[in-house]
2 protein chains.
Amino acid sequence: MIRLLLADDQALVRGALAALLQLEDDLEVVAEVSRGDEVVDAARESTPDVALLDVEMPGIDGLAAARLLRDAVPTCRVLMVTTFGRPGYLKQAMSAGASGFVVKDTPARQLADAVRRVHSGLRVVDPTLAAESLTQGDSPLTEREADVLQAARSGGTVAVIAKTLFLSEGTVRNHLSSAIGKTGARTRAEAVRVAVDNGWLLPH
Amino acid sequence: MIRLLLADDQALVRGALAALLQLEDDLEVVAEVSRGDEVVDAARESTPDVALLDVEMPGIDGLAAARLLRDAVPTCRVLMVTTFGRPGYLKQAMSAGASGFVVKDTPARQLADAVRRVHSGLRVVDPTLAAESLTQGDSPLTEREADVLQAARSGGTVAVIAKTLFLSEGTVRNHLSSAIGKTGARTRAEAVRVAVDNGWLLPH
DNA sequence: CGAATCGCATGACACCTGTCATGGGGGACT
DNA sequence: AGTCCCCCATGACAGGTGTCATGCGATTCG
């Protein structure tokens with residue numbers, strides 16, 4: 001019996017995944033959580049063999065949860081199951097110690113196999129996504145540029161961003177300008193879009 | 001036996017929902033599609049009693065699909081099952097002839113009941129969402145303002161928006177200014193965010 | 001130790017944006 | 001017919017934005 005932990009903020013999806021996986025004779029869902037910051041505690045209690053984590057979650061995101069889980073319960077392998085196949089997510093997931101990365105577009109039948117492979121120590125990665133991830137390289141943004149872009153997501157002016165980050169307006173404009181150049185965009189809004197699509201910004 | 005059609009672009013979620021619903025003795029999944037524009041054809045072939053439609057789908061969105069389905073197969077009731085509980089989506093879903101509206105945050109156990117209620121002619125609506133929807137009223141945006149905001153989502157400049165919509169730049173700025181005023185925003189990016197959050201813009 | 005890179009900052013400049021006044025044309029409703 | 005609202009457009013203005021040159025302190029790396 002492979003013991004599973006499910007983490008997904010959408011209760012319906014979580015329950016449905018549980019139903020899907022319970023159909024397999026060798027799989028058993030032993031814990032379900034809806035928030036990233038509940039993952040470690042739940043894993044400590046239920047000692048799962050494999051944790052299926054969504055990336056987008058309240059509390060902390062699935063990538064951060066994977067890092068914590070690796071340290072807290074090293075025997076538990078991690079399979080990321082996420083909506084968005086952003087290349088940057090894959091990289092972060094792997095460096096966070098995940099054993100597999102599956103997008104929610106993949107056929108339902110393959111999920112159980114992915115779980116079994118991860119459990120047996122293999123790595124599971126979407127081939128298309130892996131190619132994209134290799135082609136495209138790491139995020140070109142510096143930490144501060146990413147911060148500023150992140151702050152620009154809600155649509156505020158430079159003045160607002162400067163205040164929330166405790167920077168001068170000129171510095172904010174410089175970081176933005178640099179980020180716009182690196183993303184190949186022409187406006188900050190476009191730069192935000194590009195960065196989000198590539199997974200260069202934190203989820204949410 | 002209640003015959004079901006599932007429409008969701010994420011294969012994994014679709015399959016999982018199928019597994020969940022098949023557990024019920026009185027429910028039967030007779031068709032699955034991944035695109036909005038496949039809903040009507042599938043419904044014609046399989047004559048489902050209830051169609052579960054996601055809002056976000058390639059081809060045409062679930063709201064448009066619901067409208068077409070109502071005309072093409074009037075005996076089939078529609079239950080929208082969607083990720084985002086945007087008030088505007090609920091309104092559009094109801095005017096599109098849907099019998100129910102469920103967000104993916106709801107507990108998995110309630111889904112089967114929702115299906116049964118919809119099948120028996122009742123309406124199923126998330127109470128919280130219904131309240132929000134009533135509080136907040138219809139979209140204040142004119143058709144053209146929504147078009148311009150939609151075009152502004154990708155982050156292009158006024159000149160780009162003007163070209164794609166075959167308008168003068170001045171007109172684009174006027175529509176944007178008006179939309180910014182109506183949304184209570186200060187910049188176009190903020191206006192886009194507000195409009196999207198409220199479901200005043202088309203999905204995707 | 002240099003050299004490179006990054007974060008932070010200032011100031012200046014061309015350009016883009018958001019706002020406003022104003023106007024004409026068209027459909028809807030009284 | 002008159003009124004109202006929407007669409008489209010023009011022109012002008014204040015203020016925001018993106019770019020560039022330049023500078024300083026800190027950190028990293030060969």
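The sequence lines fix the lettering, A, B, ..., with proteins before strands; numbering per chain opens at 1.
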Bend of the helix from dC1(C)-dG30(D) to dT30(C)-dA1(D) from end-axis comparison, five pairs per end, nearest 10°, comes to 40°

Does the side chain of Glu28(B) come within less than 4.5 Å of Ile2(B)'s, by heavy atoms? no

Look at the side chain of Ser177(B) and the backbone N and O of Arg173(B), then say whether any donor-acceptor pair between them is shorter than 3.5 Å. no

Main chain of Leu90(A), side chain of Ser133(A): is a donor-acceptor contact present, judged purely on distance under 3.5 Å? no

Within the side chain of Asn198(A), is there an N or O that forms a donor-acceptor pair under 3.5 Å with the backbone of Trp200(A)? no

Residue set satisfying side chain to side chain contact (heavy atoms under 4.5 Å, CB included) with Asp197(B), at least two apart, ordered chain then number -> Arg86(B), Arg193(B)

Taking only residues at least two apart or on different chains, which pairs with a member in residues 39-53 of chain B satisfy side chain to side chain donor-acceptor pair (under 3.5 Å)? none

Qualifying residues under side-chain hydrogen bond (donor to acceptor under 3.5 Å, both in side chains), relative to Thr164(A), sequence neighbours excluded: none

Can you run down the salt bridge (charged side-chain N to carboxylate O under 4.0 Å, His left out) pairs that involve residues 140-157 of chain B, sequence neighbours left out, and say none if there aren't any? Arg144(B)-Asp147(B), Glu145(B)-Lys182(B)

I want to check something: taking the side chain as every heavy atom from C-beta on, are Ile180(A) and Thr187(A) in contact at a cut-off of under 4.5 Å? no

Could you check if a side-chain atom of Leu12(B) sits within less than 4.5 angstrom of a side-chain atom of Leu17(A), using non-hydrogen atoms only? yes

Counting only heavy atoms not in Arg117(B), do more than 12 fall under 6.0 Å of its CZ? no

Kindly list each side-chain donor-acceptor pair under 3.5 angstrom involving residues 96-110 of chain B, sequence neighbours excluded, with atom names and distances?
| unit_1 | atom_1 | unit_2 | atom_2 | d |
| --- | --- | --- | --- | --- |
| Lys104(B) | NZ | Asp8(B) | OD2 | 2.9 |
| Lys104(B) | NZ | Asp54(B) | OD2 | 3.4 |
| Thr106(B) | OG1 | Val103(B) | O | 2.9 |

Protein N or O to nucleotides 26-30 of chain D N or O, pairs below 3.5 Å:
none

Roughly how many Å is it from CG in Leu165(A) to C1' in dA9(C), rounded to a whole number? 15 Å

Just the table, please: protein N/O against nucleotides 23-27 of chain C N/O, every pair under 3.5 Å.
none

Got a sec, which residues hit side-chain hydrogen bond (donor to acceptor under 3.5 Å, both in side chains) with Arg186(B), two or more places apart in sequence or on another chain? none

Taking distance alone, no hydrogens or angles, what donor-acceptor pairs closer than 3.5 Å link side-chain atoms of residues 68-85 of chain B to residues at least two apart or in another chain?
| unit_1 | atom_1 | unit_2 | atom_2 | d |
| --- | --- | --- | --- | --- |
| Arg77(B) | NE | Val118(B) | O | 3.2 |
| Arg77(B) | NE | His119(B) | O | 3.4 |
| Thr82(B) | OG1 | Glu56(B) | OE1 | 3.4 |

What does nucleotides 14-20 of chain D look like as a protein-contact string, B for base, S for sugar-phosphate only, - for none, at under 4.0 angstrom between heavy atoms? ---BBBB

Tabulate atom names and distances for all N/O pairs under 3.5 angstrom spanning the protein and nucleotides 5-7 of chain C.
| unit_1 | atom_1 | unit_2 | atom_2 | d |
| --- | --- | --- | --- | --- |
| dG7(C) | OP1 | Thr142(A) | OG1 | 3.3 |
| dG7(C) | OP1 | Glu143(A) | N | 3.4 |
| dG7(C) | OP1 | Arg144(A) | N | 3.3 |
| dG7(C) | OP2 | Thr142(A) | OG1 | 2.9 |

Between Asp26(B) and Arg116(B), is there a salt bridge with N-O shorter than 4.0 Å? yes

